[in-house]
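Each remark here refers to the structure printed beneath this line.
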Amino acid sequence: MRVRFAPSPTGSLHIGGVRTALFNWLCARHYGGQFILRIEDTDEKRFVPGAADDISISLRWVGIDWDEGPDVGGPYGPYVQSERFELGIYRPFVEQLLEAGLAYMSFTTEEELAQMRAAAEAAGIKSFRFRGPERDWPLAQQQEMAASGKPFTVRLKTPLEGETRFRDLIRGGDEIVVQNDQLQDIVLIKSSGMPVYHFAHLVDDHLMKITHVMRGEEWVPSTPYHVLLYDYFGWQRPIFAHLPAILRHDGKGKLSKRKDDVATHRFRERGYLPETMLNYLALQGWSYDGVTEIMSRDELIERFTLDRIQPSPARWNPEKLRDMNGIYIRKRTAVEVAELVLPFMQRAGLIGDPASDAERAYLLRLIPLIHERLEELQEAPDLLRFFYRDVTPGETYNPADLIPKKHDAAQTIAMLRAAHEALSRQADWTPPALEVTLRGLCEQLAVKPGPLFGAIRIAVTGRSVAPPLFDTLAGVGRERSLARIKAAIAALEQMA
RNA sequence: GCCCCCAUCGUCUAGUGGCCUAGGACAUCACCCUUUCAAGGUGGAGAUCGCGGGUUCGAAUCCCGCUGGGGGCACCA
C-alpha cells in the first residue's frame with residue numbers, strides 16, 4: 001500500500017488537512033506501506049511563501065512522519081510539483097493525450113468563457129457545460145493555431161453520452177454513477193503551461209505508484225474526470241476512499257479557514273497537546289469500537305482500519321477536544337507540564353526568558369496545584385498569576401467579595417484578624433501545619449471552614465476560585481500571605 | 001438551477017435482520033467527596049433510530065420515494 005497526503009501551500013495547514021494526512025498515515029502504518037508527502041504548488045497565484053514549512057512542522061508536531069517527501073527525498077522525487085513541472089515530467093503525458101485525441105488545445109479565453117456563461121444564464125439555460133469547438137478539430141489545426149501565438153489551454157475531451165462509474169471504499173453503495181452529459185471539458189493545462197490539479201496529481205499518483213487515494217469528500221464530484229483520465233491513459237485506477245467532511249460546530253457548513261480558528265499551529269499556541277490532536281482527529285470520521293476513545297499513537301496504528309471510516313460527516317466539537325486535552329494533561333507528569341507551561345508563563349511576562357533556575361523550581365512547585373484543573377495550557381498564567389503578582393483590594397478584587405454569604409463586614413474583619421494573628425505566630429509554613437492551625441481556628445471561632453477559608457482565599461489570591469487554600473498559602477509564602485490578609489482587613493475597615 | 005454524497009440522544013458515535021425495553025463519550029442535571037474550583041465516584045434526564053411506503057415470521061439494520069443536511073459545478077486545490 002502506498003498512500004500520500006498532497007496539500008497545496010496556500011496558507012497554514014488546516015486542521016482538517018491534518019485529519020486527512022492522519023488517516024493516510026495511519027493506513028500506511030497499520031497495513032504496512034509507505035506514506036508520501038507531496039507539495040502541490042501548481043497555483044502560482046495563491047502560493048504563500050513559508051506555507052510548505054508550516055505544513056511539515058504541523059504534521060511533525062502531531063507525530064506524523066513520511067517515508068518520502070520534499071525534505072527526505074525518495075525514489076520518485078522530486079516531491080514538489082513546481083519542481084516536477086520544471087523537469088518536464090508532465091509534458092509527455094499531455095502530448096500522449098493530445099495525439100490520441102483525448103484532449104485538445106482550447107483557444108477560448110477566460111473572458112470569453114465568462115461571457116458565454118453569463119449569456120447561457122440569461123437565456124435561462126439550467127446548467128452550462130463547456131465543450132470547446134476545437135474538440136473536433138484535427139490536431140494539426142490546433143497546432144497551427146497555437147503556432148500563430150494564440151494562447152491556449154489543454155482541455156480534457158469528455159464523452160458526450162454514456163456514463164462514468166467508479167467505486168468508493170466508504171461511500172456510494174456499490175458504485176457512484178455520473179451521466180457523462182453532466183461533465184464538461186475541464187482544463188488540464190493552463191495557458192501558462194502549468195498543469196492543473198486534476199492532471200498533475202493524477203500523473204504524480206501514477207508515477208509514484210499510489211495505490212489508495214484518500215482525500216476529502218469534496219473531491220467526489222471531480223472523481224469522474226480522474227477515472228476518465230486513468231482510463232484514457234490505460235492506467236490502473238487507484239482505490240478511492242473519500243473521507244467525510246468535518247462540519248462546523250454549529251453544523252452550518254464545513255470547517256473553514258476564513259470563519260474558524262483552524263490553523264493547526266493555533267491549537268499548539270492555545271496549549272493543545274499533540275497526543276490530544278492525534279487522538280481527537282482520529283475520531284473525526286473513524287471509531288474503534290464505539291466505547292474506547294482514549295488511544296495512544298501506537299494503539300491508533302494497531303487499531304485503525306479502513307472499514308471503520310464513516311461515510312457521514314463529523315462535526316467539530318471544541319468542548320470534547322478540551323475535555324480530551326485535560327485528560328492528556330493529567331496523564332503527563334508535573335515535570336512535563338511545567339516544561340510545557342513555561343513558554344506560556346514567559347509570554348505572559350510572569351517568568352523571564354530565559355528562565356532562571358529559581359523560576360523553574362518555583363513553577364514546578366506550583367504545577368501540582370493547577371495540574372488537574374488545566375484543560376488548555378494557555379490557562380496556566382491566569383490560574384497562577386497571584387503567585388507572581390501583587391494582590392490589592394480595590395484593584396485586583398472588590399473588597400466586598402471578602403464577605404462570605406450570611407456574614408457582614410464586622411464578622412469578616414473579626415475572622416480575618418483572628419486568622420492574621422494565628423498565622424503570625426505560625427513558624428511552620430507548610431500545608432499540613434497551616435491546616436492544623438486554620439482548622440483549629442474554625443473551632444475556636446465556632447465558624448465553618450467555608451466562610452473562613454473563603455475570606456482568606458480571596459484576601460490572598462484575589463479570587464473566589466483558586467487551588468486548595470493550604471497549598472496556596474504555602475505557595476504564596478508567609479510574608480506575602482500575611483501582608484495580603486492585612487491589606488484585606490484594612491480595606492474592609494475602610495468600607496465600614 | 002444541475003449533479004453527487006450523507007441521515008441513531010443537543011453533539012460525536014456503537015449497532016451490518018432477532019442479543020436493542022438502542023450501548024459509550026462530550027455537554028447537561030442531581031447526589032457523594034469537599035475550604036472554593038477542578039478531578040474522581042454514583043445516578044438521572046436525553047433517540048418512537050428524519051418521514052412515508054414496501055420486503056420479511058421479525059428492520060435502526062435490506063429496497064423505493066420524500067424531506068432535511070452537506071458538498072461540487074474555476075486557467076483553486
Side-chain angles (χ1 to χ4, degrees), chain A residues 6-10 40-43 45-46 106 108-110 113-114 117 121 124-130 151-155 168 171-173 176-179 181-184 186-192 194-198 200-201 215-224 242 244-245 247 249-254 280 283-294 310-324 326-327 330 370-375 383 435 438-439 442 448-458 461 463-470 472:
Chain A
S8 83
T10 54
E40 309 216 322
D41 57 346
T42 53
D43 186 350
K45 296 187 193 102
R46 291 201 307 158
S106 169
T108 307
T109 65
E110 280 185 272
L113 201 50
R117 285 209 176 88
E121 196 176 331
I125 293 170
K126 334 148 231 157
S127 57
F128 177 76
R129 317 262 163 211
F130 181 74
F152 66 91
T153 60
V154 175
R155 288 180 182 273
D168 186 286
R171 71 213 317 125
I176 293 174
V177 182
V178 177
Q179 297 305 312
D181 60 13
Q182 294 298 327
L183 305 177
Q184 52 182 334
I186 56 162
V187 168
L188 259 23
I189 305 293
K190 308 179 199 181
S191 53
S192 65
M194 187 70 93
V196 124
Y197 169 85
H198 301 297
H201 96 275
R215 65 214 323 185
E217 72 171 351
E218 65 271 21
W219 292 106
V220 172
S222 49
T223 304
H242 288 95
L247 269 28
H249 188 45
D250 60 9
K252 295 278 165 226
K254 280 200 309 178
Y280 181 77
L283 262 13
Q284 294 294 292
W286 174 83
S287 68
Y288 176 52
D289 58 7
V291 177
T292 314
E293 291 194 327
I294 300 301
Q310 282 281 320
S312 56
R315 200 184 294 204
W316 191 251
N317 188 339
E319 287 86 32
K320 180 110 178 173
L321 214 213
R322 264 182 74 88
D323 177 72
M324 193 177 275
I327 291 172
R330 274 173 254 131
I370 61 163
H371 196 160
E372 67 184 19
R373 276 156 255 263
L374 221 43
E375 287 196 308
L383 292 174
E435 176 159 17
L438 291 174
R439 290 213 186 272
C442 285
K448 294 197 167 182
L452 206 222
F453 294 1
I456 299 174
R457 174 176 298 109
I458 292 174
T461 70
R463 37 199 308 175
S464 57
V465 173
L469 188 60
F470 316 123
T472 300

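First the proteins, then the strands, lettered A, B, ... as listed; each starts at 1.
- Contact annotation: A/Arg315 side-chain N/O to B/C12 OP1/OP2 distance is under 4.0 Å.
- We find that CE of A/Met324 is positioned 13 Å from C1' of B/G24, with the value rounded to whole Å.
- B/A39 atom P lies 7 Å from atom CD of A/Glu375, rounded to whole Å.
- Residue A/His371 contributes atom NE2, which lies 11 Å from atom C1' of B/A39 at whole-angstrom precision.
- Within 3.5 Å, no donor on the side chain of A/Ser192 pairs with an acceptor on the base of B/C75, nor the reverse.
- Residues passing the ring-ring contact (aromatic ring centres under 6.0 Å, His included) test with A/Phe152, sequence neighbours excluded: A/Phe107.
- Here B/A77 presents its P atom at 7 Å from CZ of A/Arg46, a figure rounded to the nearest Å.
- OP1 or OP2 of B/A77 has not a single side-chain nitrogen or oxygen of A/Lys45 nearer than 4.0 Å.
- The shortest distance between the side-chain N/O atoms of A/Gln310 and the OP1/OP2 oxygens of B/A14 is below 4.0 Å.
- Between the CD atom of A/Glu218 and the P atom of B/G70 there is a distance of 15 Å, rounded to whole Å.
- With hydrogens and angles left out, the side chain of A/Arg373 and the base of B/C37 share a donor-acceptor pair within 3.5 Å.
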Under 3.5 Å between N/O atoms: give me all the protein pairs with nucleotides 40-48 of chain B, atom names plus distance.
none

